[in-house]
Amino acid sequence: MHTYEQIYAIARQIPLGKVATYGQVAELANLAGKARLVGYALFRVDVSTSDVPWHRVINAKGEVSYSPLRRGADYLQRSLLEQEGIKFNEKGKINLREYLWQPQPY
DNA sequence: AGACTGACGGTCT
DNA sequence: GAGACCGCCAGTC
């Protein structure tokens, strides 16, 4: 199986209204320390047809990762998150303490 | 079989 | 807090 499918499987578990960081997804996918790989995998997701909630994955600083290579998908990402009720501050950051996904907490 | 390409994150200045 | 540095690896041609 493709390694990326494992990453997508984790991403699909992120609930609506929550976000996860690249590093967090990497850990859950048994790829601890390989956050970049998660970024590479998500870049390959087809934004219009995929069932993966790719927009709920952001960087460890609590920001959407912007890049001209994304052809506007980054702005779409922010828009989708706002539609889920997530608020950005004046610096374009999300409060991770409020929105970070916490799988199986005790 | 290389070479190239990318949404990162922790640590140290 | 902001940069710089560095390790990371699968997919495509």
Side-chain angles (χ1 to χ4, degrees):
Chain A
M1 107 154 54
H2 289 188
T3 302
Y4 286 173
E5 290 175 12
Q6 181 71 15
I7 292 172
Y8 301 146
I10 299 296
R12 275 190 271 264
Q13 296 175 43
I14 307 171
L16 188 151
K18 291 288 181 181
V19 298
T21 65
Y22 297 99
Q24 185 180 9
V25 173
E27 276 187 33
L28 295 170
N30 283 315
L31 296 168
K34 302 171 187 170
R36 292 191 80 166
L37 199 52
V38 174
Y40 301 153
L42 291 177
F43 180 80
R44 290 177 163 75
V45 169
D46 186 325
V47 169
S48 58
T49 63
S50 174
D51 63 324
V52 176
W54 54 271
H55 58 285
R56 298 188 189 132
V57 184
I58 62 175
N59 66 34
K61 297 191 292 284
E63 306 172 305
V64 168
S65 290
Y66 289 97
S67 166
L69 298 171
R70 295 184 68 184
R71 305 252 193 145
D74 38 14
Y75 291 95
L76 172 62
Q77 178 173 10
R78 173 168 174 154
S79 172
L80 289 171
L81 290 175
E82 288 176 329
Q83 285 178 41
E84 296 188 353
I86 293 175
K87 296 184 179 66
F88 289 75
N89 70 15
E90 60 286 346
K91 293 175 188 165
K93 288 195 177 186
I94 286 174
N95 181 348
L96 288 179
R97 294 207 288 201
E98 180 177 1
Y99 299 114
L100 188 64
W101 175 40
Q102 296 178 10
Q104 343 301 346
Y106 275 93

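These figures come from a predicted structure and were not determined experimentally. Every chain is numbered from 1 and lettered A, B, ... according to where its sequence line falls, protein lines coming before strand lines.
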Task: Reference residue A:Pro103; test side-chain contact (heavy atoms from CB on, under 4.5 Å); the match among A:Leu28, A:Ile14, A:Ile10 - done: A:Leu28
- [ ] Choose from B:dG6, B:dC8, C:dC9 the nucleotide whose nearest atom is closest to any side-chain atom of A:Phe43.
- [x] B:dG6
- [ ] Grab the NZ-C1' distance between A:Lys61 and B:dG9 for me, whole Å please.
- [x] 8 Å
Task: A:Leu31 CG - B:dG9 P separation (whole Å) - done: 14 Å
TODO: Determine whether A:Tyr8 and A:Arg44 make a side-chain contact, defined as any pair of heavy atoms from C-beta on separated by less than 4.5 Å.
DONE: yes
Task: Protein-nucleotide distance (A:Leu37, atom CG; B:dC8, atom P), rounded to Å - done: 12 Å
- [ ] Let me know the distance between OH of A:Tyr22 and P of C:dC9, rounded to the nearest Å.
- [x] 19 Å
Task: Side-chain N,O (A:His2) to OP1/OP2 (C:dA10) below 4.0 Å - done: no
Task: A:Tyr40 ring center near A:Tyr4 ring center (under 6.0 Å) - done: no
- [ ] Identify the two heavy atoms, one from A:Ala20 and one from A:Trp101, that lie closest to each other, and give their separation to 0.1 Å.
- [x] CB-CE3, 4.0 Å
Open item on the list: Please give the stem ranges for DNA chain B, sorted by first residue number, where a stem is three or more consecutive Watson-Crick or G-U pairs and both donor-acceptor distances are under 3.5 Å.
Closed with: B:2-6 with C:9-13, B:8-13 with C:2-7
- [ ] Say whether A:Val47 and A:Ile7 are linked into one hydrophobic cluster, either directly or through other cluster members, by side-chain heavy-atom distances under 4.5 angstrom.
- [x] yes
- [ ] With P as the reference atom in both, quote the distance from B:dG6 to C:dC5 in angstrom, rounded to an integer.
- [x] 22 Å
Open item on the list: Nearest whole Å is fine: how far is B:dC8 C1' from A:Leu42 CG?
Closed with: 11 Å
Task: A:Glu63 CD to B:dC8 P, straight-line distance once rounded to whole Å - done: 11 Å
Open item on the list: Tell me the interatomic distance from A:Gln24, atom CD, to B:dG10, atom P, rounded to whole angstroms.
Closed with: 11 Å
Open item on the list: Heavy-atom nearest nucleotide on DNA chain C for A:Arg44 versus A:Arg36: which residue maps closer to 5'?
Closed with: A:Arg36
Task: N-O pairing of A:Glu84 and A:Lys18 below 4.0 Å - done: no
Task: d(CG, A:Asp74; P, B:dC8) in whole Å - done: 11 Å
Open item on the list: If you assign each of A:Thr21 and A:Tyr4 to its closest nucleotide in DNA chain B, which residue comes earlier from the 5' end?
Closed with: A:Tyr4
TODO: Spell out, as yes or no, whether a donor-acceptor pair under 3.5 Å connects the side chain of A:Asn59 to the backbone of A:Gly62.
DONE: yes
